[in-house]
Amino acid sequence: MAVKKYSKIWILQLKNGLMQRMAFKENFFFLSIAVFLQLVLIVTFAKVIFGFFDNIAGWSFEQVMVIIASYVIIEGLLWATCGYLSGMDDNIRRGRLDQFLVKPIDVQFSISVGRADPEDWIRVITGFILLFVSIQGLGFSSGFLLNLLFYLITMINSLLIIYGLLLAVKTLLFWLINAHSLRYLVENVTRMSQYPTDIFFHRSVRILFSTVIPIAFIATVPAKILIHGPKLDLIFYSCLLAVVFFIGSRKFFLYGLKHYSSASS
Amino acid sequence: MQKYIIIIKTTWQRALMYRFSIFSYRVGEILENLALILMWSAIYNGQGVVKGYNLNEMITYVLVGNLINVIVRSWLHGVVATDIMNGTLSQFLVKPIAYFRYIMAREVGRISLALFASVLSNVLIILLFTKIFIFNFNIYYLFLIFLMIILAFITELFFAYLVGLIAFWTDEIDGVYKTIDRIKRIFSGGYFPINLLPVIFVQISFLLPFAYSFYIPTQLYLKKMDLITGVKGVGVQLIWIVLLYLIIKLVWKRGIRKYEGVGI
């Protein structure tokens, strides 16, 4: 019952977001081009590198494309469904969170889906196209469907991990008030996941990027599972991190909410 | 002159109200640079030279280029567009200070503070890579790079202002700005040296103003470009500054006729 209710609200918010964007059609058109150009930039970069080198930390061109495609899909989904939680900044800074607090739905859900960037669905679609083309280049193995299933599971986990990280960082706004730079910081951290995390040679860095800031589990691990097959330890840690980050960030958010002060409604 | 100094001081005070923002932006910059350096190190992995760049030169390219980019970049478009869309531009039309000069002074104030903090963080990264970083103390090259940076700063400022003025005709400029930003990144050499791409890209980049915010000053620093070519580049920058200034005047004249002051 609750799932049905929240799903309905979410779909309505997505429709609302699209209607708002389409009110300025030219702007929507240019935003879509910008999203597409960003993907072109990333792929061109990889293409240039592989024009001179065989591999990056042991990853071939098609394998790196799988990582890039996975990252693009995750990032695209975060922007398309919850606007990378950008709406939180203004709502907290201007004290406009009241409208979410008085509604008969979960505050975290309400804030998360309050804003969505529909032009980023183009990023998701092109990400999937890139993924499909890359897999074609690698060839389908006999156990591909099983690999694909676990890939999708780990991708869902990646989404939960980044969402949790983002929510936890944004919760700091309850104390900092004005810190637009936080989103920039999280984006820069998660952007590192578009490269194979095997480039981080130092053990301490690898541990950091597998636990505290688990960017290894955002795109590299799902890509490894899709290409080389499921590995129980990686799947287990992916699920564990997703649960820890999602639940942990929610608890932190609810704690931070107690420190919110309105600026009159 | 006094009024512009006051504007710069006020911008400093406003920015320093939220010091954590300044800190976290710097952390983000450091992480971005470190990621690129680690990636290039992994890519090279003991291999020698790629299109004339060894690993030390590539890392120096990334560090110097990002330092220059941090100095010259501008987000003026958002400020200008907001003033037009919210109607707050109206107050400047009745004040004894030209909006263009006010906004330039404000941007100098904002950039000077960000510059100070960014230079510190970028120098910190350079110190971490002292053994790999290539130092260039040639006074002629450094002077030319310094001049190029100042002109690139003015060009970026004018460009951002021009994009902001689009708000006279449209209610949203985000899409236009982001599209231009992506094109800028391609032609500026921000991700990798442009000469890794086909020659036609390099030729087009030399004619556009974007490469002077990253690629060309960095090439001068690495002495992969001679001083004469650098001076020619300064000429191109001056042409762009004059051109952009004329376009701004024209766009402002047309735009102010359309301005309705909605929102005040």
Side-chain angles (χ1 to χ4, degrees), chain A residues 21 23-24 26-42 44-45 47-59 93 117 119 169 172 175-189 191-202 205 213 215, chain B residues 14-15 17-45 47-51 53 75 78 114 166-167 169-186 190-198 201:
Chain A
R21 272 286 195 262
F24 307 102
E26 298 84 8
N27 189 56
F28 180 78
F29 172 71
F30 278 110
L31 280 170
S32 305
I33 292 177
V35 163
F36 182 70
L37 280 175
Q38 180 65 25
L39 181 65
V40 167
L41 249 175
I42 297 170
T44 306
F45 181 43
K47 205 98 173 101
V48 164
I49 302 297
F50 280 93
F52 300 100
F53 299 98
D54 290 330
N55 68 86
I56 298 175
W59 292 74
R93 188 166 59 90
D117 290 359
E119 66 276 3
V169 168
L172 294 173
W175 292 277
L176 300 169
I177 310 298
N178 186 357
H180 286 287
S181 53
L182 285 177
R183 197 196 83 196
Y184 171 71
L185 184 62
V186 174
E187 272 186 356
N188 272 334
V189 168
R191 201 175 293 139
M192 289 197 280
S193 62
Q194 68 184 323
Y195 311 120
T197 48
D198 298 307
I199 64 172
F200 303 119
F201 297 128
H202 297 284
V205 175
I213 312 171
I215 60 170
Chain B
R14 199 183 296 135
M17 270 172 60
Y18 301 104
R19 289 175 285 277
F20 181 80
S21 258
I22 298 172
F23 170 73
S24 54
Y25 267 122
R26 303 294 81 77
V27 170
E29 277 168 11
I30 290 171
L31 287 173
E32 199 172 359
N33 280 338
L34 283 175
L36 275 171
I37 289 167
L38 284 168
M39 200 209 46
W40 279 113
S41 302
I43 288 169
Y44 268 84
N45 194 25
Q47 293 186 49
V49 175
V50 172
K51 261 222 161 161
Y53 295 92
W75 283 287
I166 294 172
W169 290 275
T170 176
D171 290 318
E172 287 281 348
I173 61 145
D174 225 24
V176 173
Y177 170 73
K178 283 183 179 174
T179 304
I180 292 172
D181 186 60
R182 301 295 181 266
I183 295 169
K184 270 168 67 175
R185 282 193 202 186
I186 292 168
Y191 275 90
F192 48 84
I194 307 170
N195 58 350
L196 294 185
L197 293 171
F201 277 97

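Values reported hereafter were calculated over all heavy atoms of this structure, with side chains retained and with hydrogens, waters and symmetry mates removed. All chains are named by letter (A, B, ...) in the order of the sequence lines, taking the proteins before the strands, and each is independently numbered beginning at 1.
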*So how far is it from B:Phe201 CZ to A:Thr44 OG1, rounded to the nearest 0.5 Å?*
7.5 Å

*For B:Phe192, check ring pair (Phe, Tyr, Trp, His ring centres under 6.0 Å) against everything at least two apart and list the hits.*
A:Phe45

*What's the spacing between B:Arg185 CZ and A:Gln38 CD if we round to 0.5 Å?*
5.5 Å

*Within the side chain of B:Thr179, is there an N or O that forms a donor-acceptor pair under 3.5 Å with the backbone of A:Ile33?*
no

_Heavy-atom contact with chain A under 4.5 Å, split by part of B:Leu197_ = side chain

*Nearest 0.5 Å please: distance from the CG atom of B:Leu31 over to the CE atom of A:Met192.*
5.0 Å

*Derivation and outcome, side-chain contact (heavy atoms from CB on, under 4.5 Å), residues B:Leu196 and A:Phe52*: CA-CA 9 Å; B:Leu196 294 185; A:Phe52 300 100; 3.9 Å; yes

*To the nearest 0.5 Å, how far apart are CD1 in B:Ile186 and CG in A:Leu37?*
5.5 Å

*Heavy-atom pair of closest approach, residues A:Ala34 and B:Arg182*: O-NE, 3.4 Å

*Are B:Ile180 and A:Phe30 close enough, and set up right, to give a side-chain contact (heavy atoms from CB on, under 4.5 Å), and what steps lead you there?*
CA-CA 9 Å; B:Ile180 292 172; A:Phe30 278 110; over 6 Å; no

*Kindly compute the distance separating CD (A:Glu119) from CG (B:Asp174), expressed to the nearest 0.5 Å.*
8.5 Å

_As a quick check of understanding, evaluate side-chain contact (heavy atoms from CB on, under 4.5 Å) for B:Tyr177 and A:Asn27, giving each step before the final call._
CA-CA 10 Å; B:Tyr177 170 73; A:Asn27 189 56; over 6 Å; no

